*Asks:* 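Please read through the structure below; I'll follow up with questions.
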Amino acid sequence: METPGLVHGEAAPFATALRSLINNPQYSDVCFVVGQEQQEVFAHRCLLACRCNFFQRLLGAGASSGVPSPVVLGTVPAEAFLAVLEFLYTNSVQLQRHSVLEVLTAAVEYGLEELRELCLEFVMKVLDVELVCEALQVAVTFGLGPLQERCIAFIEAHSQEVLRTRGFLELSASALLPLLRSDKLCVDEAELVRAARSWARVGAAVLERPVAEVAAPVVRELRLALLAPAELSALEEQNRREPLIPVEQIVEAWKCHALRRGDPARGAPCRRRRGTLPRAHHRFLELPFK
């Protein structure tokens, strides 16, 4: 019976030596131009190709064409790309809070599952009010279900603080929708309506489209029946000056007040959230929090 071979030597010095080759023009045979700053980053084809199928396909096409031209990767920032190289060269990476989502995005796009998991673990550890909306956007964009769930749970617990961040205003409609559908947001509906209007204004300015058009995919999730009559009247008047909510949606809210009951068939539009402040008419709507 053959005796299994024994492994000798230490791997750490090898990783240290490889780390010295990251972005080192000496002996490099490929140059990337990355990010909006078009920063040059040097690397080694054989190492990238054997570690990552994405780079194997990318670099294999021009391998026999004499002096290679720089490879342009304009969407990945230089810092994130260097972190990807660090992982490919050493199988380890030093992540930073301010750039981890860019590294995560690159890991998903390049098919680096182990790096993706390292990024996800790090994001969940450092998640805070300022980072959570950007993390939610990445999760929704790339279908990262566990991260999306973690972000929504965090926002549900810190709703008022998150609504005041720039990240909230920059969410896409598809990322905002699951938040507005949540019963567990710790915020009153009047404040949520104001936040939705601010979000739509920012989107309208960026996209050069009317506020109501930008808001259309999400505004139906606002629960106007929870507002008191005076609040609903003020909202209706503001809506005349700056259309945000379809008129029929406001009419439906007034109907709940007139009938002094909620419509069970309509579900969420007549259901309290965790942070809903009590109002006198709520006792007629029979709105237990779920």
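Worth knowing before you read on, the calculation uses all heavy atoms, side chains too, and leaves out hydrogens, waters and symmetry mates. Bear in mind that the values here come from a model prediction, so they are computed numbers and not experimental data.
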*Asks:* Do Thr276 and Glu189 have side-chain atoms, one donor and one acceptor, less than 3.5 Å apart?
*Replies:*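 No, Glu189 and Thr276 have no side-chain donor paired with an acceptor closer than 3.5 Å.
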*Asks:* Scan residues 138-157 for pairs that pass ring-ring contact (aromatic ring centres under 6.0 Å, His included), counting only residues two or more places apart or in two chains.
*Replies:*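 Counting only pairs at least two positions apart or across chains, the ring-ring contact (aromatic ring centres under 6.0 Å, His included) contacts touching residues 138-157 are Phe154-His158.
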*Asks:* Counting N and O atoms only, with roles assigned by atom type, does the side chain of Arg209 sit under 3.5 Å from a partner on the main chain of Ala204, one being a donor and the other an acceptor?
*Replies:*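 Judged by distance alone, no pair lies under 3.5 Å.
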*Asks:* Give me the ring orientation class for Phe32 and Phe55: parallel if the planes are under 30° apart, tilted from 30 to 60°, perpendicular past 60°.
*Replies:*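 The arrangement is perpendicular - the two ring planes meet at more than 60°.
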*Asks:* If every non-hydrogen atom of His282 is compared with every non-hydrogen atom of Leu277, which pair is closest and at what distance?
*Replies:*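 Answer, listing the atom of His282 first, then Leu277: CE1-O, 3.3 Å.
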*Asks:* Consider side chain to side chain contact (heavy atoms under 4.5 Å, CB included). Of Thr75, Val100, Val138, which one does Thr105 pass it with?
*Replies:*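 Result for side chain to side chain contact (heavy atoms under 4.5 Å, CB included) with Thr105: Val138.
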*Asks:* Please check if atom CD in Glu248 has more than 12 non-hydrogen atoms from other residues, nucleotides or ligands closer than 6.0 Å.
*Replies:*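 It does: Glu248 CD has more than 12 such atoms within range.
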*Asks:* Any Lys/Arg nitrogen of Arg201 or Glu242 sitting under 4.0 Å from an Asp/Glu carboxylate oxygen of the other?
*Replies:*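 Looking at Arg201 and Glu242, the cut-off is met.
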*Asks:* Would you say Leu47 and Leu18 make side-chain contact, with heavy atoms under 4.5 Å?
*Replies:*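 Touching, per the 4.5 Å side-chain cut-off.
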*Asks:* Regarding Glu130 and Arg166, does a basic nitrogen lie under 4.0 Å from an acidic carboxylate oxygen?
*Replies:*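 Looking at Glu130 and Arg166, the cut-off is not met.
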*Asks:* Distance only, no hydrogens: is a donor on one side chain within 3.5 Å (strictly under) of an acceptor on the other, for Trp199 and Glu170?
*Replies:*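 No, no side-chain donor-acceptor contact under 3.5 Å.
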*Asks:* Could you work out the complete set of other residues in the hydrophobic cluster of Val251, with links drawn between I, L, V, M, F, W and Y side chains under 4.5 Å apart?
*Replies:*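 So far as hydrophobic clustering goes, Val251 is joined with Val247.
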*Asks:* Applying the side chain to side chain donor-acceptor pair (under 3.5 Å) criterion to Glu79, which one of Gln39, Gln96, His98 satisfies it?
*Replies:*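 Answer after filtering Gln39, Gln96, His98: His98.
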*Asks:* Is there a donor-acceptor pair closer than 3.5 Å between any side-chain N or O of Gln137 and the backbone N or O of Ser172?
*Replies:*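 Yes, because the side chain of Gln137 sits within donor-acceptor range (under 3.5 Å) of the backbone of Ser172.
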*Asks:* Do Arg197 side-chain atoms and Leu244 backbone N/O form a donor-acceptor pair below 3.5 Å?
*Replies:*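 No, because the side chain of Arg197 does not come within donor-acceptor range (under 3.5 Å) of the backbone of Leu244.
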*Asks:* For a quick test of reading the model, state the closest non-hydrogen atom pair linking Cys133 to Val162 and the distance between them.
*Replies:*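 Smallest interatomic distance, heavy atoms only, reads SG-CG1, 3.4 Å.
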*Asks:* Tell me whether Asp128 is salt-bridged to Arg97, with the criterion being a basic N under 4.0 Å from an acidic carboxylate O.
*Replies:*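 A salt bridge links Asp128 with Arg97.
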*Asks:* Under a 3.5 Å cutoff, is there a donor and acceptor pairing between the side chains of Arg19 and Ser92?
*Replies:*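 Yes, Ser92 and Arg19 have a side-chain donor paired with an acceptor closer than 3.5 Å.
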*Asks:* Decide yes or no for Leu101 and Leu131: does some side-chain heavy atom of the first lie under 4.5 Å from some side-chain heavy atom of the second?
*Replies:*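 Side-chain contact under 4.5 Å: yes.
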*Asks:* I need the Asn53 CG to Leu48 CG distance, nearest 0.5 Å.
*Replies:*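 CG of Leu48 is found 12.5 Å from CG of Asn53.
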*Asks:* Just to verify, what does Glu114 make a side-chain hydrogen bond (donor to acceptor under 3.5 Å, both in side chains) with, not counting sequence neighbours?
*Replies:*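 Partners of Glu114 by the side-chain hydrogen bond (donor to acceptor under 3.5 Å, both in side chains) criterion come out as none, since no residue qualifies.
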*Asks:* Say whether, by atom type as modelled, one donor and one acceptor occur between the side chain of Asn24 and the main chain of Ser20 under 3.5 angstrom.
*Replies:*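 Checked: pair present.
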*Asks:* Answer whether the closest heavy-atom distance between the side chains of Val34 and Pro77 falls below 4.5 Å.
*Replies:*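 Not in contact.
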*Asks:* So, applying side chain to side chain donor-acceptor pair (under 3.5 Å) with Asp188, which one of Arg273, Arg194, Arg279 is it?
*Replies:*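 The passing option is Arg279.
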*Asks:* Does a salt bridge link Glu237 with Arg240, judged by any charged N lying under 4.0 Å from a carboxylate O?
*Replies:*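 A salt bridge is present here (some side-chain N lies under 4.0 Å from a carboxylate O).
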*Asks:* With rounding to the nearest 0.5 angstrom, report the CG to CD distance, Leu185 to Gln160.
*Replies:*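 Those atoms lie 10.5 Å apart.
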*Asks:* Is Gln249 reaching over with its side chain to a backbone N or O of Glu221, donor-acceptor style, under 3.5 angstrom?
*Replies:*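 A pair under 3.5 Å: no.
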*Asks:* Using the rule side chain to side chain contact (heavy atoms under 4.5 Å, CB included), only one of Leu127, Leu179, Val129 pairs with Ile155; which is it?
*Replies:*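 Among the candidates, only Leu179 passes.
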*Asks:* Please lay out, stage by stage, how Arg223 and Asp183 fare under the test salt bridge (charged side-chain N to carboxylate O under 4.0 Å, His left out).
*Replies:* CA-CA 11 Å; Arg223 305 177 184 182; Asp183 293 343; 2.7 Å; yes
*Asks:* Under 6.0 Å between ring centres: does that hold for Phe14 and Tyr89?
*Replies:*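 Centroid distance Phe14-Tyr89: not below 6.0 Å, so no.
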*Asks:* Return the CG to CZ distance between Leu112 and Arg51, rounded to the nearest 0.5 Å.
*Replies:*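 With rounding to 0.5 Å, CG (Leu112) is 8.0 Å from CZ (Arg51).
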*Asks:* Please report the C-alpha distance between Arg220 and Glu252 in whole Å, then the side-chain angles of each, then the deciding distance to 0.1 Å, and finally whether the salt bridge (charged side-chain N to carboxylate O under 4.0 Å, His left out) criterion is met.
*Replies:* CA-CA 11 Å; Arg220 281 287 180 183; Glu252 290 172 359; 3.7 Å; yes
